[in-house]
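Here the structure is laid out as C-alpha cells; the discussion comes afterwards.
Residue numbers start from 1 in every chain, and the chains themselves are labelled A, B, ... in the order their sequence lines are given, proteins ahead of strands. In this text the structure is predicted, and so the values were computed from the model without any measurement.
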Amino acid sequence: MIKAIKGTKDILPSDMPLWHFLEENVRNTMREFNYSEIRTPVFEETRLFARSIGESTDIVGKEMYTFTDKSENSVTLRPEMTASVVRAYIENSLDRLQPLHKLFYIAPMFRQERPQAGRLRQFHQFGAEALGSSSPLLDAEMIILGYNIIKSMGLTDLAVKINSLGIPSSRENYKNILKDYLSPKLKELSEESQKRFETNILRIFDSKNEKDAEIMNDAPVLLDHLDDESLESFEQVKTVLDASGIPYQIDPKLVRGLDYYTNTTFEILSGSVGSQSALCGGGRYDLLAEQLGGKASPGVGFAAGMERILLACQNENSIPDQKPEIDVYIANFDKSKISEAYNFANKLRGNGFSVESDYLSRSIKAQLREANKNNARFVVFYGGEELAENKIQLKNMTDGEQANISLDSMDSIIEKIRG
RNA sequence: GUGAAUGUAGCUCAGCUGGUUAGAGCACCUGGUUGUGGCCCAGGAGGCCGUGGGUUCAAGUCCCAUCAUUCACCCCA
C-alpha cells in the first residue's frame, strides 16, 4: 500500500471545520489590522534561504528539502515564509509603490526533521510581515496580532516571551563579553554547547541540558548590553504591550535560531501541546532586505504553526465541535422518478440551499438515516402518491412535522425551507 | 542524526504463563410488516494478528532482523 510520506498528513473533511475556523479568525484579525494577503511560490532558489536564514542554522544545514531540477538549478521547498516575502517585496518594487507594506499569508512549509507531536515535515503557518518601518509600534503589533488570533481559538494556557537582540554592533560586543564569561567554563558545557561556542554562542541559552542551564543562569545577559537606541525601542514595545493588556514576560534568554533577527524577538508558548510548545515566533529583521540585494528596508514579522495551535485546541478542548448541516435531503420513493427528483434537488440548489439526494437507490429508511447523518434540516419525499397529484412531502427534521405542498407553488416550498 | 515505546477488524483496544474455527465497543450494512431518521433490539459484513526468518509437535503469544508509527533529544512553527 502506498502511504503518505513520513511527516505529512492528510487533512480530512472531518478536520475541515476546525481549519476553516482558524483560517477565518486569521483573515478577520488581519483585516482588522489592514494586512493584505500575499502568496509566493512554494519553492525558491536555494540561495534565498541560505542567505537569509543563515548557513549555520539547523534549518539550512540539515532540514531543507533541496533538489536539483532538470535545468541543474538548486531549488528548495520553503522552510519558512519571511525570506520569500522579502524577496517578493524587493523583486516587485513594492517599496516604490508606498513606503509601508503590511502583508500576511497562510501557507504550507517544509522541513525534513524527525516528526513528533506538533512537528511535521509539511506543516502550515500563518504569519505577517510589516516592511518599510522601524516603528516599535509594529513590533508590538506583531505580538498583538499573534496573541489575538491564538486567543480567538479559545486557548488559555499561554505565555508570551519577549527579548531584544539589539543591533549587530552591540551584539558583537556582547558576544565577546559572553565569551569571556564562558571560556573558563567551556569544558563543563555539553558537547553540543561547546560547538555552539564557536558557531553561534547565543544559542547556548537555548540548551535544555541542566548543567548548561545552570551555567547560563549566571551569564551576562544581552539586555544589559544593548545600545541606547535598541533599548529605547524595546521600552516602547513594552509600553504598547502594557497598554494592550497582553500579559508577557521578558526573557533575556530568548534567542531565536534564525540569523536575520535584530532588536525585538518574541514567542508565544502553549502549555498544552507537548514538547514543541512554541505556537508562534517572530521578531524584527531590519537588515534582511539589504542582505538580499534590495534597498535597505526595515521589517518585522511573525509566523505561527497552525497544526500546533489546532493540537492545543484539541488538548484544551477549546472549540466545541459543530456538525456541518445541510438544508434539504431529497428522498425518493420511485426509482423511475430518480432523474426528476435529481432535477428538483438542483432547483433548490439554484435557490441557494445545500441539498443532498440519494445516489445508492436505497430504502426509504436508509435514505432517512442518511439525511440524519448529513444533519439535514428538511427532507423532501419525492414520488409516490403525492407526486401523482403533483405534490411533494416536506418534512421538518427537527420537530418531525410534515406537509404536502404542490410543486406549482415553489415559492411556498422555498419559504418553508428558509424558515 | 540519537534514544525509548508500540505495531491484532475502518477507529479504540482485549487476547492470562505458546494449545482447536482470533474477540469486544464504536463506525458500517440489512431488518424490526405495505412509503419515514435520531433511541432501542436482532442479524450481517469486515482481520496473510506490520513484514521476513528462527525456536517448537504447536506462535497473535517466545527470539532475531526489517519496516512503519509514536514520543522525546537536537532544533523549530
Side-chain angles (χ1 to χ4, degrees), chain A residues 1 3-7 9 12 14 53-54 56-64 78-82 105-127 146 150 190-193 195-196 199-200 203 206-209 212 254-258 266-270 273-282 301-312 323 329 331-335 360 362-387 393-402:
Chain A
M1 189 172 60
K3 299 206 283 185
I5 286 174
K6 184 200 281 287
K9 267 212 168 91
L12 298 171
S14 57
I53 299 168
S56 73
T57 62
D58 279 8
I59 292 180
V60 173
K62 53 184 198 190
E63 294 171 3
M64 293 206 300
R78 63 177 170 222
E80 60 114 40
M81 196 68 171
T82 303
Y105 58 85
I106 299 174
M109 308 294 158
F110 307 84
R111 290 182 203 172
Q112 191 162 178
E113 301 177 83
R114 264 278 172 75
Q116 72 185 71
R119 168 182 290 156
L120 293 167
R121 289 185 169 186
Q122 177 175 179
F123 60 103
H124 297 77
Q125 291 184 329
F126 65 82
I150 289 168
S190 67
E191 202 181 319
E192 214 25 68
S193 289
K195 271 186 216 160
R196 284 186 217 153
T199 55
N200 194 341
R203 281 208 279 148
D206 274 342
S207 177
K208 286 178 191 170
N209 179 293
D212 288 0
L254 175 64
V255 181
R256 313 224 69 245
L258 284 59
F266 73 95
E267 273 184 5
I268 301 176
L269 305 154
S270 165
V273 290
S275 168
Q276 305 305 316
S277 58
L279 299 186
C280 175
F302 78 92
M306 300 175 77
E307 282 84 354
R308 283 187 190 176
I309 289 172
L310 295 179
L311 186 62
K323 291 176 203 158
Y329 185 93
N332 64 313
F333 296 127
D334 256 308
K335 291 198 172 111
L360 302 172
R362 298 204 288 179
S363 68
I364 283 293
K365 184 177 190 143
Q367 293 185 54
L368 261 285
R369 274 205 256 261
E370 197 61 28
N372 207 51
K373 254 181 254 167
N374 277 289
N375 239 330
R377 295 169 48 239
F378 288 90
V379 166
V380 165
F381 293 96
Y382 199 95
E385 295 165 15
E386 292 86 344
L387 191 61
Q393 212 179 123
L394 183 66
K395 173 166 182 158
N396 183 323
M397 292 295 275
T398 330
D399 57 23
E401 271 182 44
Q402 48 193 88

Give one of base, sugar-phosphate or nothing for A/E385, where a contact means two heavy atoms less than 4.0 Å apart.
-> base
Chi angles and distances behind the side chain to side chain contact (heavy atoms under 4.5 Å, CB included) call for A/L254, A/E267 | CA-CA 8 Å; A/L254 175 64; A/E267 273 184 5; 3.5 Å; yes
For atom C1', what is the distance between B/G46 and B/G23, given to the nearest Å?
-> 14 Å
Start at the 5' end of RNA chain B and walk down; is the nucleotide closest to A/G281 or to A/D399 reached first?
-> A/D399
Which part of the nucleic acid, if any, lies within reach of A/A371 when heavy atoms closer than 4.0 Å are counted: base, sugar-phosphate only, or nothing?
-> nothing
Whole-angstrom distance between B/C71 and B/U30, as gauged at atom C1' | 43 Å
Can you tell me how far P of B/G31 sits from NZ of A/K365, to the nearest Å?
-> 8 Å
What are the atom names and distances for every N/O pair under 3.5 Å that joins the protein to nucleotides 68-70 of chain B?
unit_1: B/A68; atom_1: O2'; unit_2: A/K3; atom_2: NZ; d: 3.2
unit_1: B/U69; atom_1: OP2; unit_2: A/K6; atom_2: NZ; d: 3.0

Give one of base, sugar-phosphate or nothing for A/E267, where a contact means two heavy atoms less than 4.0 Å apart.
-> nothing
Atom P, compared across B/U17 and B/U12: separation rounded to whole Å | 24 Å
One should read off an interatomic distance between A/S363 OG and A/E370 CD, to the nearest 0.5 angstrom, of 11.0 Å
Expressed in angstrom and rounded to an integer, what is the separation of A/D212 atom CG from B/C74 atom C1'?
-> 13 Å
Any donor-acceptor pair under 3.5 Å linking the side chain of A/E307 with the backbone of A/H124?
-> yes
When you measure from the side chain of A/N374 to the backbone N and O of A/A376, does any donor-acceptor pair fall under 3.5 Å?
-> no
Integer-rounded Å distance: B/C76 P and A/I59 CD1 = 7 Å
Contact list (N/O, under 3.5 angstrom) for nucleotides 28-30 of chain B vs protein:
unit_1: B/C28; atom_1: OP1; unit_2: A/K373; atom_2: NZ; d: 3.4
unit_1: B/C29; atom_1: OP1; unit_2: A/R362; atom_2: NH1; d: 3.2
unit_1: B/C29; atom_1: OP1; unit_2: A/K373; atom_2: NZ; d: 3.4
unit_1: B/C29; atom_1: OP2; unit_2: A/K373; atom_2: NZ; d: 3.3

Test side-chain hydrogen bond (donor to acceptor under 3.5 Å, both in side chains) applied to A/Q122 - qualifying residues, sequence neighbours left out = none
Ranking A/T57 and A/G384 by the position along RNA chain B of their nearest nucleotide, the one closer to 5' is A/G384
Are A/S275 and B/C73 close enough that a side-chain N or O sits under 4.0 Å from OP1 or OP2?
-> yes
Using a 4.0 Å heavy-atom cut-off across all strands, classify A/N372 as base, sugar-phosphate, or nothing.
-> base
Taken to the nearest whole Å, CZ/A/F378 to C1'/B/G38 is 17 Å
Have a look at A/E113 and tell me which of A/R119, A/K62, A/K6 forms a salt bridge (Lys or Arg N to Asp or Glu O under 4.0 Å) with it.
-> A/R119
B/C26 to B/A14 separation - C1' atoms, rounded to the nearest Å | 15 Å
Flag side-chain contact, heavy atom, 4.5 Å: A/Q367 against A/V379 | no
Using both pair distances under 3.5 Å as the test, note the stems of at least 3 consecutive Watson-Crick or G-U pairs that include RNA chain B.
-> B:1-7 with B:67-73, B:10-13 with B:23-26, B:28-32 with B:40-44, B:50-54 with B:62-66
Any side-chain heavy atom of A/M109 sitting closer than 4.5 Å to one from A/P79?
-> no
Assess whether side chain to side chain contact (heavy atoms under 4.5 Å, CB included) is satisfied between A/E63 and A/T57, documenting all intermediate values.
-> CA-CA 9 Å; A/E63 294 171 3; A/T57 62; over 6 Å; no
Using the C1' atoms only, state how far B/G19 lies from B/A27, rounded to an integer number of Å.
-> 34 Å
Is the aromatic ring of A/F381 within stacking range of B/G35, meaning centres under 5.5 angstrom and planes under 30 degrees?
-> no
Nearest whole angstrom, please: distance from the C1' of B/U33 to the CD1 of A/I364.
-> 16 Å
What integer distance in Å separates A/M397:CE from B/G38:P?
-> 9 Å
Relative to each other, are the rings of A/F381 and A/F333 parallel, tilted or perpendicular (30° and 60° limits)?
-> parallel
Looking at every strand, decide which applies to A/G383 at a 4.0 Å heavy-atom threshold: base, sugar-phosphate, or nothing.
-> nothing
Just to confirm, is there a sub-4.0 Å distance from OP1 or OP2 of B/C73 to any side-chain nitrogen or oxygen of A/Q276?
-> yes
Can you find a donor-acceptor pair, distance only, under 3.5 Å between A/E386 side chain and B/G35 base?
-> yes
Once you round it to whole Å, what is the distance between C1' of B/A77 and CD of A/E63?
-> 11 Å
Apply side chain to side chain contact (heavy atoms under 4.5 Å, CB included) to A/F126 and A/I309, showing your working.
-> CA-CA 11 Å; A/F126 65 82; A/I309 289 172; 3.6 Å; yes
Pairs: protein N or O with nucleotides 42-51 of chain B N or O, under 3.5 Å:
none

What's the CG-C1' distance between A/N375 and B/G38, to the nearest Å?
-> 10 Å
Give A/G118 one of three labels, base, sugar-phosphate or nothing, depending on what nucleic acid heavy atoms sit under 4.0 Å from its own.
-> base
Heavy atoms under 4.0 Å, any strand shown: does A/R111 hit a base, just sugar-phosphate, or nothing?
-> base
Looking at side-chain heavy atoms only, is the closest gap between A/S277 and A/R308 below 4.5 Å?
-> no
Test item: A/M397 and A/N372 side chains (from C-beta on) under 4.5 Å apart, heavy atoms | yes
A/R308 (side chain) and B/C76 (base): donor-acceptor pair under 3.5 Å | yes
What distance do A/Q125 atom CD and A/E80 atom CD have between them, rounded to the nearest 0.5 Å?
-> 7.5 Å
Whole-Å P distance, B/C39 and B/C29 | 13 Å
In whole Å, what separates the P atom of B/A24 from that of B/A42?
-> 13 Å
List for me each residue that meets side-chain hydrogen bond (donor to acceptor under 3.5 Å, both in side chains) alongside A/R121, sequence neighbours excluded, and say none if there are none.
-> none
Tell me what A/Q112 touches on the nucleic acid: a base, only sugar-phosphate, or nothing, going by heavy atoms under 4.0 Å.
-> nothing
Which nucleotide in B/A77, B/A72, B/U36 has an atom nearest any side-chain atom of A/K395 = B/U36
Got a sec: does the CD1 of A/I5 have more than 12 other heavy atoms crowding it under 6.0 Å?
-> no
Between B/C41 and B/U51, how far is it from one C1' atom to the other, in whole Å?
-> 42 Å
So how far is it from A/L279 CG to A/I150 CD1, rounded to the nearest 0.5 Å?
-> 5.0 Å
